[in-house]
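One structure below.
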Amino acid sequence: IITPGLIVGQDPLSPEELLQLKSVSAVQISAENNEVIYAVSSPRGANEKPGGASRQYLRASLSNWIPSPLFENKVGASSPRYSPDGKYIGFLYAEKGQPRQVWMMTSKGGKMKKLTNVPSGVSQFKFQPGTNGIAYLTREQTSDREKELKKRGYDFIFFEENLKNNSLHLASFDKDWNQTSVWKLTHTGNTWDFEFDRQGKQIAASISPKNLIDHRYMFRKIYLIDLESGELRQVSQNEGKLGNYAFSPDGLHLSYAAALNINDSQVSQAYVVNLATGAVSNLTPTDFKGHVSWVSWKDNSTLLYMAGEGVYPTLSTVPLTGGEREVILNAADQGIIFGTPLISSDFKHFVFSGSTPSDRSNLYHWDGKGELEKITNLNPGLQDKLLGTQEVIRYTARDGQEIEGILIYPVNYEAGLSYPLIVYVHGGPESHETNGWKSRYSTPGQVMAGKGYLVLYLNYRASTGYGVDFAMEGFMDPAGKEFDDIADAIDWAVREKGADPERVGMAGGSYGGYASAWFATYYTRYVKAVCMFVGISNSISKRGTTDIPYGELYVHSGEKLEEQWQLDLERSPVYWAHQSRTATLIYGGAAETRVQPSQSFELYRRMKMNDHPAVRLVQYPGEGHGNRKQVGQ
């Protein structure tokens, strides 16, 4: 599938231009279904202070789409939400030197009112339907004794102990929005997120035993809270990863996206629980060759879900009683890679962000019937750039498995000529590439196409979007078939697309960094240069230092290290570092916890001690698993 019309301008995209591109995200549709809030993110310039992209919140009528700023003077305000009656807009805001609190203004704007004054601040909030109330999450406060001990130097770190949990509170207000009472709803474990039903009578909340990222990934369960009695009971039966969840309009059922089992590496299934009986149904198609990523409702009897299917997302409906699904929107037909939608209560308006191979990000509207309507034009300069043609490719791996990916051709590509090749490897590996805009800070495909490179993005085995069985191909087999697929893609590109085998490079972060390290060592003959970003170099030490040890065990290794010493040793790039002849840039955050900086140090040291001719290690102070303070983020 070749995407037409990409060679549109006179000059290729430059790195500076790439780092100036804006993006959009849809935030919320009003209760009256007549207005939407969305956010436009603009990267910081090279001379600005470190930090994330700046974000401006805009509001626009669904009838004319004329945008206006939501916050005129509240720089730093975030998470805006309409009240269920549409009269107010709430948001989070931190006064200078103070923690974030919930604020509110009328939906027409004007004077702003502070609703909470929680000592440790508020991380999330939602309005309670049918009454003047809000629910919010706040972290357990540091005690006076703890503060005094810290002041005296007794601030010892007891690793993964004395954690501060987030708890859920319900605050009630009078008609003038003056607080009258606060009710703490959760008392044990850590509450991560929550949803009201439309009647405002019950809350669903995801809770894990501890406030650890590993628990968020692997041990969250959904609990139902009755707001009359305060009774809390578990309603989900998921093992392993959990996605979003949503009440049916009548509040009788709860849908949730979750993994098939504890070894499933990603959310993949659409479940529904009958809240009266507790019965759970899986409404995912049998042997589904995709991954369900998000669930919602069309009406009381019809589930709606979003899925990744190959390089395209889809929206489908299925009866609550089960049966065949109906695909109501397929990105393969529209040519637009859409994000998670906002949907009006009457199911007549869908608003989402979207990208195409030639367009970074814009807001789209769909009426449920025809073509998607493009609302914004955030990066008009892209229309004047000379871009490489983007193509969905498929090739056969050495064992006969068909693998899919995305190829960007060099600008002015001519068949029969020889070109250098760059392979960008996605992380996870529980994620996948889609046929939209591919060029970002760390994977600047169109920039490299403008410089004469072929650029490959691959959905190698263990990627999502092709069914649970395909994603499980990497289970208990790290750097096996998954990375062999990448080697086979390089051979295919040399054979079919004119890639020069003497000019092949690779880059990737996290698991993609693992792939880069593997190709710099074990598969060194394939690549002349790699960039390993926050990547794994020693599977043995990684298992003992990562902040997701149970996630690593259940969805990747499958067995404890004691049962896999030799396998982990031989699937570690450091084991093969002595044979490397690939120029290697190793880089990552100095404050990394997912893949500790020691992983970078180990590979660097092994290469250096074996007289590697070209290796460099760069660390970014204060950065974690992915740079957040750099230009273009």
Side-chain angles (χ1 to χ4, degrees), residues 49-52 76 78-79 92-102 114 116-125 136-169 182 184-194 205-220 510 534 536 538 540-553 587-602 617-630 633:
K49 292 181 179 180
S78 63
S79 305
L92 296 178
Y93 178 69
E95 296 177 289
K96 188 175 182 179
Q98 300 297 314
R100 292 193 306 174
Q101 305 293 342
V102 182
K114 187 177 179 181
T116 63
N117 190 25
V118 182
S120 53
V122 173
S123 59
Q124 297 178 40
F125 82 98
Y136 61 85
L137 289 179
T138 185
R139 183 165 295 189
E140 180 184 352
Q141 190 177 358
T142 303
S143 68
D144 291 339
R145 183 173 184 274
E146 289 171 317
K147 293 176 183 177
E148 180 62 26
L149 287 173
K150 182 176 182 180
K151 188 186 300 183
R152 295 185 182 188
Y154 295 98
D155 52 342
F156 312 134
I157 299 172
F158 296 89
F159 189 61
E160 295 186 350
E161 296 182 26
N162 301 328
L163 301 170
K164 301 294 184 184
N165 284 329
N166 291 293
S167 55
L168 181 61
H169 295 70
V182 176
K184 187 176 181 180
L185 297 174
T186 57
H187 298 271
T188 59
N190 186 76
T191 307
W192 293 95
D193 43 45
F194 63 95
S206 74
I207 302 173
S208 67
K210 293 183 179 181
N211 186 10
L212 293 170
I213 189 64
D214 206 19
H215 277 233
R216 186 185 192 283
Y217 281 0
M218 299 305 300
F219 303 130
R220 285 189 301 145
S510 192
V534 295
I536 302 162
N538 186 335
I540 294 174
S541 58
K542 190 260 185 181
R543 291 178 70 167
T545 56
T546 183
D547 62 359
I548 54 168
Y550 284 103
E552 199 284 332
L553 171 64
Y587 61 116
E592 163 76 287
T593 57
R594 184 65 37 77
V595 180
Q596 289 279 347
S598 58
Q599 292 291 305
S600 295
F601 297 149
E602 288 190 49
L617 172 61
V618 179
Q619 291 281 284
Y620 298 95
E623 295 281 18
H625 194 63
N627 289 350
R628 298 291 183 266
K629 303 177 182 179
Q630 304 306 309
Q633 295 300 292

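Note that the coordinates shown come from a computational prediction; the quantities given were computed from them, not determined experimentally. Just so it is clear, the values below take in all heavy atoms, side chains as well, and ignore hydrogens, waters and symmetry mates.
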Can you check whether [X] reaches [Y] side chain to side chain, under 4.5 Å on heavy atoms?
{"X": "V595", "Y": "T546", "value": "no"}
{"X": "R628", "Y": "E623", "value": "yes"}
{"X": "D214", "Y": "P549", "value": "yes"}
{"X": "Q124", "Y": "N166", "value": "no"}
{"X": "S123", "Y": "R139", "value": "no"}

Problem - Residues forming a ring pair (Phe, Tyr, Trp, His ring centres under 6.0 Å) with Y217, sequence neighbours excluded - result: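 Not a single residue meets the ring pair (Phe, Tyr, Trp, His ring centres under 6.0 Å) criterion with Y217.
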Exercise for the section: Please state whether the rings of Y136 and H169 are parallel, tilted or perpendicular, taking 30° and 60° as the class boundaries. Expected result: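 If you compare the ring of Y136 with that of H169, the planes turn out parallel.
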To the nearest 0.5 Å, what is the distance between [atom1] on [X] and [atom2] on [Y]?
{"X": "S600", "Y": "L617", "atom1": "OG", "atom2": "CG", "value": "6.0 Å"}
{"X": "H215", "Y": "N165", "atom1": "NE2", "atom2": "CG", "value": "10.0 Å"}
{"X": "N190", "Y": "L137", "atom1": "CG", "atom2": "CG", "value": "8.5 Å"}
{"X": "L553", "Y": "R543", "atom1": "CG", "atom2": "CZ", "value": "6.5 Å"}
{"X": "I213", "Y": "H625", "atom1": "CD1", "atom2": "NE2", "value": "10.5 Å"}
{"X": "N538", "Y": "K542", "atom1": "CG", "atom2": "NZ", "value": "11.5 Å"}

Check [X] against [Y] and note the closest heavy-atom contact, atom names and distance.
{"X": "P597", "Y": "G589", "value": "CG-O, 3.5 Å"}
{"X": "M218", "Y": "Y550", "value": "CG-C, 4.2 Å"}
{"X": "W192", "Y": "S208", "value": "NE1-OG, 2.8 Å"}
{"X": "T186", "Y": "L168", "value": "OG1-N, 2.8 Å"}
{"X": "P99", "Y": "G121", "value": "CB-CA, 3.6 Å"}
{"X": "T191", "Y": "A205", "value": "CG2-CB, 4.0 Å"}

Exercise for the section: Not counting sequence neighbours, list each pair that qualifies as a salt bridge (charged side-chain N to carboxylate O under 4.0 Å, His left out) and has a residue in residues 587-602. Expected result: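 Listed once each, the pairs are D547-R594.
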Practice task
Identify which one of K114, R100, Q101 satisfies the side-chain hydrogen bond (donor to acceptor under 3.5 Å, both in side chains) criterion when paired with E95.
Solution key: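 The single option meeting the side-chain hydrogen bond (donor to acceptor under 3.5 Å, both in side chains) with E95 is K114.
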Handout entry: Sidechain N-carboxylate O distance under 4.0 Å for K150, E146
Key =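 Salt bridge between K150 and E146, a charged N being under 4.0 Å from a carboxylate O: no.
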For residues [X] and [Y], is any side-chain donor paired with an opposing acceptor at under 3.5 Å?
{"X": "D193", "Y": "S206", "result": "yes"}
{"X": "S120", "Y": "Q141", "result": "no"}
{"X": "S541", "Y": "Q599", "result": "yes"}

Problem - N/O donor-acceptor pair under 3.5 Å between N211 side chain and K164 backbone - result: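 Yes.
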